[in-house]
Amino acid sequence: CLLSRGLGDVYKRQEYAYSRAWVAGQNPFDKHKINTTKGRQKKQPFSNDELKKLLVAMEGESLSMQLLTRMGLYTGARISELVSLRLEDIKEEDGILLMGIKVQESGKTDAATRWLPVPSKCRAMLEEVRKETIKSGSEFLFHDLVTIRPDGRYGYGATKQFGRIKRKHVTDSVEKGFHSFRVMMATVMQRADVSELEAAYLLGHSRKGLTMSLSLIHISEPTRQEAI
């Protein structure tokens, strides 16, 4: 929105002034954000028929887009979290393949805050995409989908591409998008009696103001794999 862009411009000008030593102290516009999501319609789940159409449509897309869609469907991870995955974020522990999800805030990507088991239906495709990434020389798993914006976010291009595919082959409803997978995963976990604590960790939700991390709740890899 215009207000958000305006605030960003003021922040950059203030930062430039600090770099030139024209002013001192802390930038008063640091960490100030405009909430642009308030008032937006909540995403709705895809119907079974819509999901089938979407998966069929994805067969004609790149291998990385197919994997991105599957991982979103089977983990409920945000598209920005998945697209920002690096090769180093994939590891194996106790025979379980894990991916480290990181949180991006203010353009900064922190260390992984939660480790999710790679769904069994994604592993073979993940290995193929990983091979392609290594050949490309990129550090990002989804090397051909990453678009790094000035604010440091990685998922903008992938979100637009997914949206175009969805509108062309499935539905033009603005209430349905990649985020619908999170809604669907949360519902599945609830119906499967996955505990609130485990679900909060797996989906990266905060619970009573406390961000879930492995150091806090110690959910074992086998338990996480079973929940997924």
Side-chain angles (χ1 to χ4, degrees), residues 55 58-59 61-105 108-148 152-155 158-159 162 178-179 181-182 184-186 188-189 192-207 210-228:
L55 294 178
M58 285 299 169
E59 292 177 0
E61 300 298 325
S62 67
L63 196 62
S64 55
M65 178 55 75
Q66 292 181 51
L67 177 62
L68 181 68
T69 301
R70 285 194 184 190
M71 291 179 80
L73 174 63
Y74 291 117
T75 69
R78 301 172 180 89
I79 192 169
S80 59
E81 295 175 332
L82 293 173
V83 174
S84 64
L85 282 172
R86 291 173 166 82
L87 291 176
E88 65 183 23
D89 297 324
I90 307 296
K91 67 178 183 179
E92 186 171 327
E93 286 189 4
D94 300 324
I96 298 175
L97 191 62
L98 302 170
M99 59 182 185
I101 299 296
K102 300 177 180 179
V103 173
Q104 284 184 279
E105 185 175 353
K108 179 182 178 182
T109 303
D110 298 324
T113 56
R114 69 189 196 276
W115 289 89
L116 305 181
V118 176
S120 58
K121 294 184 178 181
C122 299
R123 291 173 194 165
M125 191 175 290
L126 172 63
E127 289 305 318
E128 292 301 314
V129 171
R130 183 153 58 172
K131 290 177 183 177
E132 290 184 355
T133 300
I134 292 174
K135 288 182 180 179
S136 74
S138 174
E139 63 178 318
F140 291 99
L141 177 64
F142 295 100
H143 63 95
D144 55 341
L145 296 178
V146 170
T147 51
I148 304 178
R153 304 285 179 176
Y154 301 133
T159 300
F162 180 88
F178 199 92
H179 200 82
F181 295 145
R182 286 179 66 76
M184 296 164 70
M185 177 56 71
V188 168
M189 287 185 179
D193 292 327
V194 174
S195 75
E196 181 182 350
L197 198 63
E198 291 172 0
Y201 176 84
L202 293 170
L203 290 172
H205 288 161
S206 61
R207 186 171 180 266
L210 184 65
T211 300
M212 294 297 137
S213 69
L214 190 57
S215 62
L216 290 173
I217 60 177
H218 300 284
I219 298 177
S220 67
E221 279 88 354
T223 300
R224 279 176 271 160
Q225 187 177 41
E226 183 180 356
I228 288 290

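The first residue in the sequence is number 1, and the count goes up from there.
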Which residues pass the side-chain hydrogen bond (donor to acceptor under 3.5 Å, both in side chains) test with E139, sequence neighbours left out? R86
Find the distance between CE (M58) and CZ (R70) and round it off to the nearest 0.5 Å. 11.5 Å
Note: V194 and A199 closest approach over all heavy atoms is CG1-N, 4.0 Å
Residues in ring-ring contact (aromatic ring centres under 6.0 Å, His included) contact with F162, at least two apart in sequence or another chain: F178, F181
Evaluate the criterion side-chain contact (heavy atoms from CB on, under 4.5 Å) for residue pair L116 and M99; output intermediate values, then yes/no. CA-CA 5 Å; L116 305 181; M99 59 182 185; 4.1 Å; yes
For T133, which residues count as a side chain to side chain contact (heavy atoms under 4.5 Å, CB included) partner, sequence neighbours excluded? L87, V129, S136, S138, L141, H143
Which pair of non-hydrogen atoms, one from S84 and one from E81, has the smallest distance, and what is that distance? OG-O, 3.0 Å
How close do Q66 and E61 get, counting heavy atoms only, and between which atoms? NE2-O, 3.0 Å
E127: side chain to side chain contact (heavy atoms under 4.5 Å, CB included) partners, not counting sequence neighbours: L97, R130
Which residues satisfy the salt bridge (Lys or Arg N to Asp or Glu O under 4.0 Å) test with K121, sequence neighbours excluded? none
Check step by step if ring pair (Phe, Tyr, Trp, His ring centres under 6.0 Å) holds for Y154 and F142. CA-CA 10 Å; Y154 301 133; F142 295 100; over 10 Å; no
For the student: nearest non-hydrogen atoms of Y74 and C122, plus distance: CD1-SG, 3.9 Å
Hey, could you give me the CZ/CG distance between R182 and L73, rounded to the nearest 0.5 Å? 13.5 Å
Partner residues of E92 under the salt bridge (Lys or Arg N to Asp or Glu O under 4.0 Å) criterion, sequence neighbours left out: none
Would you compute the distance between atom CZ of R114 and atom OG1 of T75 and round it to the nearest 0.5 angstrom? 8.0 Å
Can you name the nearest heavy-atom pair linking G72 to L82, along with the distance? N-CD1, 3.7 Å
Distance col, row K135:NZ vs K131:NZ, nearest 0.5 angstrom, shows 8.0 Å
Please examine the side chains of M71 and L85, heavy atoms only from C-beta on, and report whether any two atoms are closer than 4.5 Å. yes
Which value, rounded to the nearest 0.5 Å, describes the distance between I79 atom CD1 and L68 atom CG? 5.0 Å
